[in-house]
Amino acid sequence: MAWGKKKGGRKEPLFGLPAALSDLRLTAADRVPGGGDDKPKKSAKSSAKRKAEVPGDEPPRERKAPAGRSGAKRRAKSRGGFGLGRLVYWGAVLSLWGGIAVIGVVIYVGAHLPPIQSLEIPKRPPTIQIVGIDGSMLAQRGEMAGANVALKDLPPYLPKAFIAIEDRRFYSHFGIDPVGILRALVTNVLHRGVSQGGSTLTQQLAKNLFLTQERTMQRKLQEAELAIWLERKHSKDEILELYLNRVYFGSGAYGVEAAAQKYFGKSAKNVTVAEAAMLAGLVKSPSRLAPNRNPEGAEARAQIVLAAMADAKFITDAQAKASIGHPSYNVKPAGAGTVNYVADWIGEVLDDLVGQIDESIKVETTIDPKLQSVAEAAIIDELAAKSVKFNVSQGALVAMTPDGAVRAMVGGRNYSESQYNRAVTAKRQPGSSFKPFVYLTALEQGLTPDTMRQDAPIEVKGWRPENYTHEYFGAVTLTQALAMSLNTVAIRLGLEVGPKNVVRTAHRLGISSKLEPNASIALGTSEVSVVELVGAYAPFANGGFAVAPHVVTRIRTLSGKLLYMRQPEERNPVIDPRYVGMMNAMMRETLVSGTAKKAEIPGWPAAGKTGTSQDYRDAWFIGYTANLVTGVWLGNDDNSPTKKATGGGLPVEVWSRFMKTAHEGVAVANLPSSPGGWGLSNLAQAASQVSPPTAIAPAPAPANNGGYRPPPTRANARPEAAAGLDGWLMDRLFGGNR
C-alpha cells in the first residue's frame, strides 16, 4: 500500500532455502565456456527501474557491468589480425607454387632442346652458284650467303646501326633484356597492339641458328634459354659478328656481305652510312622492305635507323641529315628470268654428279647468257603478240651445239608464275617432227631420197589417216614427201620398214621416252620432251654421232676444290655418213620449199622439220645448222587445241628470230654431206629447180643419175592462209600431222 511504502521499495524477509540462496550470484568465471546466451543483458538500471515500479519488489542488487561490448571489440581485433595473416600466408603459398611452376616450365622447355653441351653453331646451308660460259652469275640456289666478314673489317657504323635500331642495350644485358621487354610491353599496351618487340640481338641469333620461325610461347622460351647459353659461351663481339653474318635480309640473302652484294653491288666493307642504315632496317621485315621490291619502304625505314643512330650518338646529326638528304642506294633489280629453268634442271642432276653437298659450290655451265636472253625474248614476245589470236599460252626452246652442249633453255614464258619446265619435264606428241626417224630407217634399209612412194588414201585396221585437206599427189619422192609432210607416205614407209625398227632408230639417236611400235608412230603419236628431241636431231648436224645433252662442265667448291669435270665423250657413230648427207639434203628442202619456208638464215645452210599434233594441240619446229641445233614447242599446258597453230607458223618465227641473232658474227659452216658430195650437189640442183607451187602435176619418173625432183605444184595458187603460217602449202596440201 502507498502509505506503508518507503523509497527504494519494501524488502520482505526470507526464511529457509530461499534465504540461503538469496546471496548466491554467478560470476563470469563460473560460466561454462561457450555456454549461456550471448545475447546482450539488460542494464541493472533499467531492471531496478522496473522493479521499483512494482510495489513490494526488493530493490536491485549491484552487478558488474557486462563484458559484451569489450568482447566484441576483442573479437573484431582477432578477426582483423587473422585476415592479414591469411593474406600473407596465401601469398607465400602462391609465390612458392609460382616459383615451382616457372622451374617446371624451364625444365620442360629445356628438355625439348638438344643437350646444351652438344649445341654447336651450325654451318651455313650450302649455296649453289650457277655461272654461264663467260663466268657471269646466272642464278643461285640455296641461301645466298656471302663470305663471313670479321667484325673488325666492317666500318664501325655498320654494326652500330643494328645495335641502334634492334638492341640499344646489347653490351649491358645478359642475353635477355628485362628493361627492353618492359619497355616493349608498355609501348604495345599504349598502342593496343604489337608495335615493338623485346627480343635482343642474342635472342634473334638463337632463333636464326637453332629454332624455327613459328610464333609460339614454347619457341620464345627456348629462344630465351639459348640466348643465355650463347652469352655464356661467346663474347659480345663474337655474338654480334655471328649475327651480322647470319641474319636474313630478304631476296634470299643471308648475312651483310650477301645483302650488300645483292642490293648495292659491293662488299659490306665498303657500304656507306646510308646503305648501312638500309641494311639494318631490313631486319624488321625482310620480305616487305627488300629494296628491290619496295624501295620507298626501305628508304623510309632507313631514315628511322639513321635517327636512332644519331640519338644513340653513334653518328652525328650532320651525318644523319646528310645521309637522309642524299641517299646513294644503287639497288639491283630483281628478276625471275627463264634462266631459272636451267638452274632447276641443274639442281636435279647435281646429286648424280657430286652426291650430297655439304659446302657451297660453283657450277660452271655451257649456257651463253646472251643467247639465253635472246631465246627468252623470242618466246615471250611472240606469245605476247599472238597467244590470244592462236590460243597458245606456253612455249619452250632448247638450243645446243652439235655435240650436245646446251647454250640456251626456256622452259616457259614466265618462271615466277610457273616453275614447270616444259623443255625438260613436259612430254608432248611431236607430230611430224618425228618423221625424220621414219625416213632415216627407210634409207638404212636401202631406199634413197629419190625413191617413189604413193601419196594416196590408206587404211590400217579401220584407221584412215589423211593429209591436211584430204588431197593426194600420187607418186612422189621421199624428199618431196618429207618436205611436204605427207602423212600417207610416212604411214606407208613406217609399215614398210617396221614400227619396231623406227622405234629402235629413234632410241639409237637419243630419244629416251617410251615409244609405242604401232602404225601411228610414223605421225609422232608417242610423247617426247623438247630436250631429248633436239638431242636426237644433233647427229644430223655433227656427222652421225650420238650426243648426250648436257649443261654442266665443271663443279668447284668456293675455295677452288674441283669436285667434277665433264670428260670428253667417245664419239659413238649412230648414223652412217652417207645417210647423214641424204637426210640433210631432204630436210634442207623443208626450209627451201616445204613447211618451214620462213625459217631461212641468210648465208647459212640449215635443215629441219616442222610438227603439228592432232587437233593442233602442239606446234613444233626442230631446225639446225652446223653451229646450233634448236627446237621450239608451243601449245597449252592442259593439252587443249590451239586455233590452228602449226609448226610452220609461230615455232618457225621464234626459231628464226633466235637463230639469226645466234649466228651473227659466226663463220659460216656447211652441214655434213654424203661422201662424194651427193647431198651438196643435189641441194644445188634443187635450189635451181624449186619454184613456188603453181599447178599440180604427176611426179616425174626417176632419173638415172638419182637427181633431185621438185615437189608437186598446183595452179591458181592462193595467197598465204589468213593465219599467215605457211601459205598455200600449209593451208591446202599438208596433213594434220606435219
Side-chain angles (χ1 to χ4, degrees), residues 123-133 135-145 252 338-369 372 396-412 415 418-428 506-515 527-539 542 545-572 574 629 631:
K123 294 181 178 180
R124 286 182 173 183
T127 60
I128 304 170
Q129 297 180 5
I130 300 172
V131 300
I133 195 172
S136 63
M137 181 73 72
L138 298 177
Q140 185 158 274
R141 287 292 183 267
E143 296 178 353
M144 180 183 176
T338 57
V339 74
N340 285 284
Y341 291 111
V342 179
D344 289 348
W345 185 33
I346 290 172
E348 294 172 4
V349 302
L350 270 182
D351 189 57
D352 294 333
L353 300 180
V354 295
Q356 185 68 31
I357 301 171
D358 56 5
E359 60 181 312
S360 298
I361 59 173
K362 178 183 288 187
V363 180
E364 300 175 20
T365 71
T366 60
I367 296 295
D368 185 330
Q372 180 69 29
L397 181 149
V398 174
M400 67 179 67
T401 61
D403 64 356
V406 176
R407 291 284 185 255
M409 173 182 286
V410 177
Y415 181 83
S418 172
Q419 292 78 51
Y420 183 60
N421 194 334
R422 297 153 190 85
V424 175
T425 306
K427 293 189 176 183
R428 306 296 293 247
H507 283 159
R508 187 177 80 235
L509 267 64
I511 298 294
S512 57
S513 297
K514 182 181 179 181
L515 303 175
E527 297 176 337
V528 298
S529 69
V530 178
V531 69
E532 66 179 319
L533 187 57
V534 174
Y537 269 66
N542 67 24
F545 297 94
V547 304
H550 60 277
V551 70
V552 178
T553 58
R554 190 180 291 107
I555 302 175
R556 302 176 184 269
T557 65
L558 296 185
S559 61
K561 179 182 177 182
L562 182 65
L563 301 179
Y564 167 82
M565 177 180 285
R566 181 176 178 81
Q567 300 299 323
E569 292 183 346
E570 294 184 5
R571 291 174 64 82
N572 179 27
V574 290
V629 185

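What's counted below: heavy atoms across the whole structure, side chains too, no hydrogens, waters or symmetry copies.
In this structure, V530 and V398 approach most closely via the heavy-atom pair CG1-CG2, 3.8 Å. Here the closest heavy-atom approach between residue N542 and residue P402 is recorded as ND2-O, 2.9 Å. Between V410 and Y341, the closest heavy-atom pair is C-CD1, 4.5 Å. Of all heavy-atom pairs between L350 and V363, the closest is CD2-CG2, 4.2 Å. Between P549 and G535, the shortest heavy-atom contact is CG-CA, 4.1 Å. The minimum heavy-atom distance between A538 and V629, with the atom names listed, is CA-CG2, 4.1 Å.
With L353 as reference, I555 is the one residue of L563, I555, I346 to meet the side-chain contact (heavy atoms from CB on, under 4.5 Å) rule.
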Exercise. Given I361 and L558, is the side chain to side chain contact (heavy atoms under 4.5 Å, CB included) satisfied, shown in steps?
Worked result: CA-CA 5 Å; I361 59 173; L558 296 185; over 6 Å; no
Could you give me the CA-CA distance, side-chain angles and deciding distance for W345 and V551, then say whether side chain to side chain contact (heavy atoms under 4.5 Å, CB included) is met?
-> CA-CA 9 Å; W345 185 33; V551 70; 3.8 Å; yes
The test is side chain to side chain contact (heavy atoms under 4.5 Å, CB included); show your working for I367 and R407 and say whether it passes. CA-CA 4 Å; I367 296 295; R407 291 284 185 255; 6.0 Å; no
Start with the C-alpha distance between Q140 and Q129, add both sets of side-chain angles, then the distance that settles side chain to side chain contact (heavy atoms under 4.5 Å, CB included), and finish with yes or no. CA-CA 5 Å; Q140 185 158 274; Q129 297 180 5; 3.1 Å; yes
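Inter-residue side-chain proximity for V528 and R428 is flagged as unmet; no heavy-atom pair is nearer than 4.5 Å.
Note that CE of M409 is 9.5 Å distant from CG of L397, once rounded to the nearest 0.5 Å. Note: Y420 OH to T425 OG1 = 6.0 Å, rounded to the nearest 0.5 Å. Q567 CD to E569 CD: the interatomic distance, rounded to the nearest 0.5 Å, is 10.5 Å. One finds the CD1 atom of I511 at 5.0 Å from the CG atom of L533 (value rounded to the nearest 0.5 Å).
Listed by chain and number, the residues in a side chain to side chain donor-acceptor pair (under 3.5 Å) with S513 are K427, E532 (sequence neighbours excluded).
Applying the salt bridge (charged side-chain N to carboxylate O under 4.0 Å, His left out) definition to pairs two or more places apart or across chains, those involving residues 546-559 are E364-R554, E364-R556. The salt bridge (charged side-chain N to carboxylate O under 4.0 Å, His left out) analysis of residues 342-352, with sequence neighbours excluded, yields the pairs R141-D344.
In terms of modelled atom types and a separation under 3.5 Å, the side chain of S529 and the main chain of A426 share no donor-acceptor contact. Of the possible polar contacts, one joining the R422 side chain to the G411 backbone as a donor-acceptor pair under 3.5 Å is found.
Between the side chains of T338 and Q372, at least one donor N or O lies within less than 3.5 Å of an accepting N or O.
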